[in-house]
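All remarks here apply to the structure that follows.
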Amino acid sequence: MQIRAHTLDLDWFEIFDPLPHQRRLLASEAETRWLCGGRGAGKTWTLVNDELLKALTMPRVPGALLGRVGNDLRTTIEPELERQLQQLQDATGICWIRKWNRSGLGYLELVNGSRIWLRPYDRIDSLRGLQFGHAGCDELLWTYTVDEKTAFDSLRILLRVPCERPGLLIASSPNGLSPVTRDFIAAQQRNDQRFFVARARAADNSHIRRDSLAALADGLSRRAYLQEIEGEILRSAETCLPEYDEERHVVDRRWQRLQRLGWPYLLAVDWHTVAFAIYVDPASRQWVVADELIMRDTAERKITPDRFWAHLVQFCKKHGRPRVAFTDRALPKANNQLRQLFDGAVPIDWCRTREEQSVELGLEELRDWLDPYSADEDTPPRIVLSSTLKKERPEDQRVSPLRHALREYRWLKTRQGQITGKPDKNDRDDHSIDALRYAVVCSGRRHREWVDGESQPRAWTRNADRAAVRYA
């Protein structure tokens with residue numbers, strides 16, 4: 001690809017040597033393009049390279065590089081942009097940066113007068129005052145801060161500056177539940193030339209060593225492997241957790257025996273509704289949800305905070321002191337009360353960031369635990385359930401037990417019957433899933449010793465050496 005910047009001729013492909021799928025995308029003149037790729041497929045590289053190419057070939061036309069949140073910009077997009085600018089400078093001997101504002105304004109101005117705005121799209125309304133000729137958007141199909149359809153439509157409206165090659169580029173892993181995915185599929189079916197998709201697998205990136213591909217797949221479910229590594233768009237199931245299988249995930253293990261064997265246990269709580277005792281195999285680190293506290297909420301007797309607390313105290317007294325308790329962040333007073341119950345000797349943790357609080361991303365992590373991917377087909381799930389847990393929800397009970405919730409927790413649907421990708425928070429099946437989700441998400445980030453045996457410092461845990469537990 002030959003370009004002319006002022007009086008300088010550059011062979012862009014010779015300088016950057018893009019991969020075949022990246023070349024197809026860079027050469028496409030479609031208005032809306034999508035690099036549908038898995039991990040390691042070069043999505044961020046392509047996003048930055050395309051925006052830089054357009055900024056140099058179309059002087060004084062504003063563009064944008066958009067990340068999910070500001071941290072994504074700082075840790076992935078900006079370093080890649082800086083690296084490619086340095087590579088371009090080494091090839092041409094020219095410093096192409098006129099000004100780089102890294103403050104809240106966030107923009108890069110090139111010597112030809114083009115400006116690339118660097119903004120997060122988590123607050124999509126904050127972009128309404130800007131106008132672009134072209135833009136690149138990172139991981140739009142997996143955003144946890146804004147509705148992806150709203151962001152997609154809003155960004156296309158912002159592309160109002162006339163230019164030779166206008167358009168929006170999305171670099172994102174596939175998500176069969178996203179309405180944006182449906183837009184691209186519908187465009188392909190009607191042969192709409194304004195849309196273009198390039199699919200890439202992780203193995204298509206020749207810069208990744210073969211032995212590194214296994215590390216990329218580590219911890220993924222089989223379904224997530226097809227999406228994140230193979231770059232496949234999968235049909236959506238009606239249930240949120242189709243990996244759950246009663247025959248595979250229900251085992252004959254009673255909490256009394258696990259307690260006698262000395263297995264440590266973790267406490268998972270969704271306040272005023274459910275609590276679980278999760279015993280951890282010291283050898284394999286497999287989790288066994290061995291006992292549950294499900295409050296019966298009937299027309300004659302409603303759940304109250306005091307009633308739930310009394311039952312939770314008896315539940316903890318039966319199992320002893322947990323190693324960690326995972327709870328709902330929405331009730332800090334209840335969390336403090338639980339901390340006082342154990343005299344501050346038990347860490348109390350909850351989902352802290354917006355990413356951790358995202359129900360959709362939390363469900364993806366839970367799916368990874370239920371059906372982990374491995375080249376060995378006999379790999380057991382990382383979490384199983386005791387057969388002593390209730391299988392069905394009684395008709396006079398509002399809150400579902402865990403086994404019932406894992407089978408029945410479903411996605412919301414539109415009036416046309418299409419799955420929206422948002423779980424149905426029906427106040428019945430969601431409470432049990434939420435409690436388990438808190439434990440899976442938080443343990444994977446701050447309590448790795450209960451996941452893979454990796455020890456971590458606990459400087460924030462107070463009175464951790466005190467063994468006294470008060471059940472008053």
Side-chain angles (χ1 to χ4, degrees), residues 1-35 37 41-66 73 76-102 106-119 130-138 158-171 193-200 204-208:
M1 174 181 288
Q2 298 285 338
I3 68 173
R4 181 179 295 272
H6 295 287
T7 60
L8 182 65
D9 288 330
L10 303 176
D11 190 327
W12 193 263
F13 286 176
E14 182 179 351
I15 294 174
F16 290 101
D17 190 24
L19 298 170
H21 64 272
Q22 295 170 332
R23 289 173 180 254
R24 295 196 304 271
L25 198 75
L26 293 171
S28 172
E29 296 186 358
E31 293 181 8
T32 308
R33 296 165 297 155
W34 174 21
L35 176 53
K43 298 190 297 294
T44 303
W45 186 96
T46 310
L47 192 76
V48 171
N49 194 261
D50 179 77
E51 193 60 27
L52 190 57
L53 172 62
K54 288 190 173 183
L56 288 176
T57 54
M58 293 182 288
R60 295 178 296 279
V61 175
L65 282 170
L66 308 169
L73 284 170
T76 59
I77 295 178
E78 288 186 5
E80 180 60 36
L81 178 59
E82 192 169 7
R83 190 192 68 80
Q84 292 193 24
L85 283 168
Q86 184 61 49
Q87 185 176 351
L88 187 61
Q89 179 176 340
D90 294 341
T92 61
I94 300 173
C95 178
W96 297 88
I97 303 174
R98 174 180 293 172
K99 182 179 181 181
W100 194 330
N101 189 321
R102 297 177 184 265
Y107 65 85
L108 168 68
E109 189 171 321
L110 301 177
V111 294
N112 66 345
S114 294
R115 178 174 291 188
I116 302 176
W117 291 91
L118 301 164
R119 292 293 186 89
L130 301 175
Q131 296 183 19
F132 314 118
H134 45 83
C137 190
D138 188 38
L158 295 178
L159 301 177
R160 297 194 291 262
V161 177
C163 62
E164 183 181 349
R165 295 182 63 199
L168 174 67
L169 170 60
I170 299 171
Q193 300 300 315
R194 296 173 300 172
F195 289 76
F196 178 83
V197 179
R199 178 196 166 207
D204 293 335
N205 190 343
S206 57
H207 303 295
I208 297 181

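Keep in mind the model is a prediction, meaning the values are calculated, not measured.
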Quick one: does any side-chain atom of [X] pair with a main-chain N or O of [Y] as donor and acceptor, under 3.5 Å?
| X | Y | value |
| --- | --- | --- |
| Q193 | A30 | no |
| H21 | A41 | yes |
| Q89 | W96 | no |
| E51 | I116 | no |
| R23 | P18 | yes |

Side-chain contact test, heavy atoms from C-beta onward, threshold under 4.5 Å: evaluate it for [X] versus [Y] and give yes or no.
| X | Y | value |
| --- | --- | --- |
| F13 | L26 | yes |
| D50 | L25 | no |
| L56 | L88 | yes |
| L130 | Y107 | no |

Please report the shortest heavy-atom distance between [X] and [Y], naming the atom on each side.
| X | Y | value |
| --- | --- | --- |
| V111 | C95 | CG1-O, 3.5 Å |
| L53 | R165 | CD2-NH1, 4.3 Å |
| N49 | Q84 | ND2-OE1, 3.0 Å |
| L19 | S206 | CD2-OG, 3.4 Å |
| S28 | R33 | OG-CD, 3.8 Å |
| Q87 | I15 | NE2-O, 3.0 Å |

Could you grab the distance from atom [atom1] of [X] to atom [atom2] of [Y], nearest 0.5 Å is fine?
| X | Y | atom1 | atom2 | value |
| --- | --- | --- | --- | --- |
| E31 | F196 | CD | CZ | 14.5 Å |
| E78 | L108 | CD | CG | 9.5 Å |
| T46 | L169 | OG1 | CG | 7.5 Å |
| I77 | L65 | CD1 | CG | 6.0 Å |
| K54 | E164 | NZ | CD | 10.5 Å |
| Q131 | R160 | CD | CZ | 4.0 Å |

Requested in this report: Begin from the C-alpha positions of W100 and L85 and carry the test side-chain contact (heavy atoms from CB on, under 4.5 Å) through to its verdict.
Outcome: CA-CA 12 Å; W100 194 330; L85 283 168; 4.0 Å; yes

Query raised in the report: More than 12 foreign heavy atoms under 6.0 Å from CD of E29: is that the case here?
Result: no

Query raised in the report: Does R83 pair with E80 as a salt bridge, N-O distance under 4.0 Å?
Result: yes

Query raised in the report: Thinking salt bridges, do R98 and E109 make one under a 4.0 Å N-O criterion?
Result: yes

Requested in this report: Test side-chain contact (heavy atoms from CB on, under 4.5 Å) on L52 and L110 and set out the steps.
Outcome: CA-CA 10 Å; L52 190 57; L110 301 177; 4.3 Å; yes

Query - salt bridge (charged side-chain N to carboxylate O under 4.0 Å, His left out) partners for R24, two or more places apart - result: none

Query raised in the report: Is there a donor-acceptor contact under 3.5 Å linking the side chains of E82 and Q86?
Result: no

